[in-house]
Number of protein chains: 2
Amino acid sequence: MKSEIEVFREFIRNKGLRKTPEREQVVRAVFAIHDHFDVDELYVLLRGQNERISKATIYRTIPLLLESGLIQEAYFEDGHLHYEHIYGHEHNCHLRCLDCGKVVEFTEEIVKDVEEKVGEIYDFLVTGHKLEVYGHCGKCKVHK
Amino acid sequence: MKSEIEVFREFIRNKGLRKTPEREQVVRAVFAIHDHFDVDELYVLLRGQNERISKATIYRTIPLLLESGLIQEAYFEDGHLHYEHIYGHEHNCHLRCLDCGKVVEFTEEIVKDVEEKVGEIYDFLVTGHKLEVYGHCGKCKVHK
DNA sequence: GCTATTATCGCAATTCGTTCGCAATAAGGA
DNA sequence: TCCTTATTGCGAACGAATTGCGATAATAGC
Ligand SMILES: [Mn+2]
Ligand SMILES: [Mn+2]
Ligand SMILES: [Zn+2]
Ligand SMILES: [Zn+2]
């Protein structure tokens with residue numbers, strides 16, 4: 001299996017874009033965080049490593065990471081988008097507590113079947129899904 | 001089955017809030033739009049009806065509609081959230097074309113089973129879900 | 001390797017969705 | 001009807017995201 005950097009370089013080359021240290025710093029930061037992240041977290045992480053990078057560059061790199069399939073949007077919360085790296089992972093379903101915000105990851109094979117079925121019915125070439133189940137977690141539901 | 005206005009009034013009363021014409025105008029607008037909507041669309045619709053309402057009031061009413069279960073967030077797009085009324089409806093799954101943005105609604109019973117199963121495993125009191133399947137629609141996939 | 005071209009960068013200004021402060025208003029209980 | 005105070009409209013403020021621009025540096029061609 002190719003590394004995320006290899007995947008990214010291939011994507012960049014195929015698009016006729018330039019390989020730059022800034023873009024690759026973002027890729028490394030994204031795969032150094034094993035959790036959901038937002039632009040500011042990437043920025044703080046990179047700046048803490050004495051990397052000289054601007055937020056504008058991070059914002060401009062995000063669409064490339066999305067298009068190359070390395071990351072996906074996880075959810076919109078607190079006024080901004082949160083992402084997660086998905087290359088090499090399979091947990092793209094989330095269970096969220098509406099009270100405390102806790103998020104549990106899970107994978108459910110049946111959703112793949114739904115993808116296939118729906119794609120056939122509506123004539124779509126399906127490439128992925130995003131499922132969020134929400135409710136009240138064990139700790140929070142007792143107060144209801 | 002109660003009307004949406006009745007449900008809303010009950011919710012408002014139970015929360016000890018005040019019944020205002022502005023809030024009910026928003027409820028009516030929300031159920032007059034049989035599609036996904038955003039705050040600005042509500043604003044334009046209400047203003048076009050010579051209703052004197054401010055955007056701030058619409059923004060302040062949205063959380064009430066969410067909490068009362070009359071609407072839900074549909075998706076985040078073009079820099080802002082989009083909603084849909086769900087009271088009296090059951091289509092809360094979306095199939096989206098990544099190229100042209102087309103959205104098809106569908107309902108899938110199996111997702112209810114996933115809800116139940118996941119809720120049990122992780123000890124959550126599940127109240128709902130949001131499933132978005134994405135890919136390329138019939139028209140767009142031929143250009144790939 | 002050197003040079004020319006131009007994509008990309010950092011920075012600051014801008015845009016735009018959303019929230020907030022506040023004075024005026026009006027809902028609802030006494 | 002009066003009083004309390006939640007709610008409103010307005011405009012300012014806030015914050016995420018985008019953009020314009022001059023400087024920089026990646027890459028292709030020589
Ligand atoms: Mn996740
Ligand atoms: Mn819908
Ligand atoms: Zn919780
Ligand atoms: Zn399409």
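So that the names make sense, note that chain A is the first sequence line, chain B the second, and so on, each numbered from 1. As the structure is a computational prediction, the values presented were derived from the model and not from experiment.
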Whole angstrom value for the distance that separates C1' of dC10(D) from CD of E22(B): 14 Å

Could you tell me whether P63(A) contacts a base, only the sugar-phosphate backbone, or nothing, with contacts defined as non-hydrogen atoms closer than 4.0 Å? nothing

Which heavy atom of V126(A) sits nearest a heavy atom of G119(A), and at what distance? CG2-CA, 3.6 Å

Report the distance from atom CD of E77(A) to atom P of dT18(C), rounded to the nearest whole Å. 15 Å

If you group Ile, Leu, Val, Met, Phe, Trp and Tyr by side-chain heavy-atom gaps below 4.5 Å, do V118(B) and V103(A) land in one group? no

Below 3.5 Å, does any donor atom in the side chain of R60(A) face an acceptor in the base of dG10(C), or the other way round? yes

Value in whole Å for how far the P atom of dC9(C) lies from CD of E51(A): 14 Å

Rounded interatomic separation in angstrom, taking OH from Y43(B) and P from dT18(C): 14 Å

Return no unless some side-chain N or O of Y59(A) is found under 4.0 Å from OP1 or OP2 of dA17(D). yes

Grab the CD1-P distance between I58(B) and dT7(D) for me, whole Å please. 17 Å

Within the 4.5 Å heavy-atom criterion, are I62(A) and L42(A) side-chain neighbours or not? yes

5′-ward residue of the pair T20(B)/G79(B) relative to DNA chain C: G79(B)

Whichever of K19(A) and D78(B) has the more 5' nearest nucleotide on DNA chain C, that residue is K19(A)

Looking at every strand, decide which applies to R47(B) at a 4.0 Å heavy-atom threshold: base, sugar-phosphate, or nothing. sugar-phosphate

With salt bridge (charged side-chain N to carboxylate O under 4.0 Å, His left out) as the test, would you mind laying out the steps for K15(A) and E67(A) before giving the verdict? CA-CA 11 Å; K15(A) 286 218 97 184; E67(A) 200 186 334; 3.1 Å; yes

Would you kindly give the CZ-to-P distance between R13(A) and dA26(D), to the nearest whole Å? 17 Å

Only one of H82(A), E84(A), H85(A) passes side chain to side chain donor-acceptor pair (under 3.5 Å) with H36(A); say which it is. E84(A)

Which of dA17(D), dC9(C), dA12(C) is nearest the side chain of H80(A)? It is dA17(D)

Closest to the R23(B) side chain: dA27(C), dT7(D), dC10(D)? dT7(D)

Please tell me which of the listed nucleotides, dA27(C), dT27(D), dT18(C), lies nearest to the side chain of R18(A)? dT27(D)

Roughly, in whole Å, what's the span from CD1 in I53(B) to C1' in dT7(D)? 11 Å

Between CD1 of I62(A) and C1' of dA16(D) the distance, given in whole Å, is 13 Å

